[in-house]
Amino acid sequence: ISPQFCFLYPEMVDKLILLENLGFLLAPEDTEAWLKSKRLAIDRLLSLEATQQAPKARSPEAALQRLLEANSHLTAEGGAILLQRGATETPAGLVYNRDMRVRTQSRESFTVEQCVKLLQKIQDRVLIIVAQDGFLVPHKLHSRNHFVKALREAFESTLKEHIQLIEVPGSHFVHLNEPEVVSGIISNFLTAQNTRARL
């Protein structure tokens, strides 16, 4: 969402920070493949809505345990932080606040060329922090995620003066598990050039 806001309203944004995220879903270059992917996303969404059940309530301990089982790189402390905003306390226990429909990837997708052109609309700079053991390291990705490599190469070659892409040690949850690894990088990025937030 944040990159889309940036290129729709670039005059309102000084800087964009992406943690373990390249900011875009990649669209197939081929029109027929694009149509097929869009239809598949809609079909999955309709199927999910048809079978959706009431959210399950869990004890705080069980909710944390389930979260840690589903996210092996997450520490117990990081999981507890996520539950503070990711769950609601009910008389029956904690209920996750998630909406499973977001997993259907029905959001807007773009070609690599469009991604680069859209990021060029941001008037200042972009910081992308990628964890060495995270989801966006090209040589560790499944072949179907080749777009990560293509996006990284395009960003680095086209947006040199506007983008900082920094790899840090850690997992996808490095900002939760070891915030000190990224806090200095983010602080320096935000304070450089004395830019003023306008939101």
Side-chain angles (χ1 to χ4, degrees), residues 1-7 13-27 41 64 66-87 96-112 114-116 118-120 122 124-160 162-192 197 199:
I1 297 298
S2 56
Q4 290 190 39
F5 182 90
C6 288
F7 60 68
V13 178
D14 288 319
K15 298 187 177 183
L16 170 66
I17 300 171
L18 299 172
L19 291 169
E20 269 288 287
N21 186 337
L22 294 180
F24 296 93
L25 291 175
L26 206 68
L64 178 59
R66 176 68 188 94
L67 189 62
L68 296 177
E69 287 171 1
N71 300 281
S72 59
H73 295 292
L74 188 61
T75 64
E77 185 181 3
I81 292 170
L82 282 180
L83 282 178
Q84 288 175 18
R85 64 174 173 81
Y96 295 134
N97 295 334
R98 64 188 175 194
D99 186 340
M100 298 304 289
R101 290 175 296 182
V102 300
R103 299 183 69 179
T104 62
Q105 295 195 347
S106 57
R107 295 163 285 165
E108 287 302 316
S109 54
F110 305 91
T111 65
V112 172
Q114 287 173 322
C115 292
V116 170
L118 290 168
L119 272 185
Q120 285 173 325
I122 299 174
D124 205 293
R125 294 189 303 158
V126 180
L127 170 65
I128 300 176
I129 297 178
V130 176
Q132 290 171 354
D133 294 315
F135 294 165
L136 302 174
V137 181
H139 66 274
K140 294 183 179 178
L141 289 169
H142 188 278
S143 59
R144 66 186 171 83
N145 288 328
H146 66 280
F147 75 90
V148 170
K149 185 177 183 203
L151 271 182
R152 283 187 63 164
E153 288 175 352
F155 288 175
E156 290 171 327
S157 63
T158 313
L159 303 168
K160 291 178 225 175
H162 299 292
I163 197 169
Q164 292 181 47
L165 197 151
I166 299 175
E167 279 194 21
V168 297
S171 71
H172 178 67
F173 296 103
V174 64
H175 57 293
L176 278 174
N177 296 338
E178 298 124 342
E180 67 279 0
V181 172
V182 297
S183 60
I185 297 168
I186 293 171
S187 180
N188 290 338
F189 179 75
L190 289 174
T191 56
L199 289 179

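This chain uses plain numbering: 1 for the first residue, then up along the sequence. Values below: every heavy atom of this structure, side chains too, minus hydrogens, waters and symmetry copies. Please read these numbers as outputs of a predicted model, since none were measured by experiment.
Within 6.0 Å of CD on Glu180 lie more than 12 heavy atoms contributed by other residues, nucleotides or ligands.
Counting only heavy atoms from C-beta outward, the side chains of Ile129 and Val181 never approach each other to under 4.5 Å. Ile186 places a side-chain heavy atom less than 4.5 Å from the side chain of Leu190. Side-chain atoms of His172 and His73, non-hydrogen and from C-beta on, never get closer than 4.5 Å to each other. You'll find the side chain of Gln164 stays beyond 4.5 Å of the side chain of Ile128, heavy atoms only.
Ser187 places no side-chain N or O within 3.5 Å of a backbone atom of Ser183 that could act as its donor or acceptor partner.
Applying the side-chain contact (heavy atoms from CB on, under 4.5 Å) test to Leu82 and every residue at least two apart in sequence or in another chain returns Leu67, Leu74, Arg85, Phe173, Leu176. Residues that satisfy the side-chain contact (heavy atoms from CB on, under 4.5 Å) test with Leu64, not counting sequence neighbours, are Leu68, Leu83. With sequence neighbours excluded, the residues that form a side chain to side chain donor-acceptor pair (under 3.5 Å) with Asn97 are Thr88.
Atom CG of Leu16 is separated from atom CZ of Phe7 by 10.5 Å, given to the nearest 0.5 angstrom.
Listed here is the closest heavy atom pair of Ala131 and Gly170: CB-O, 3.3 Å.
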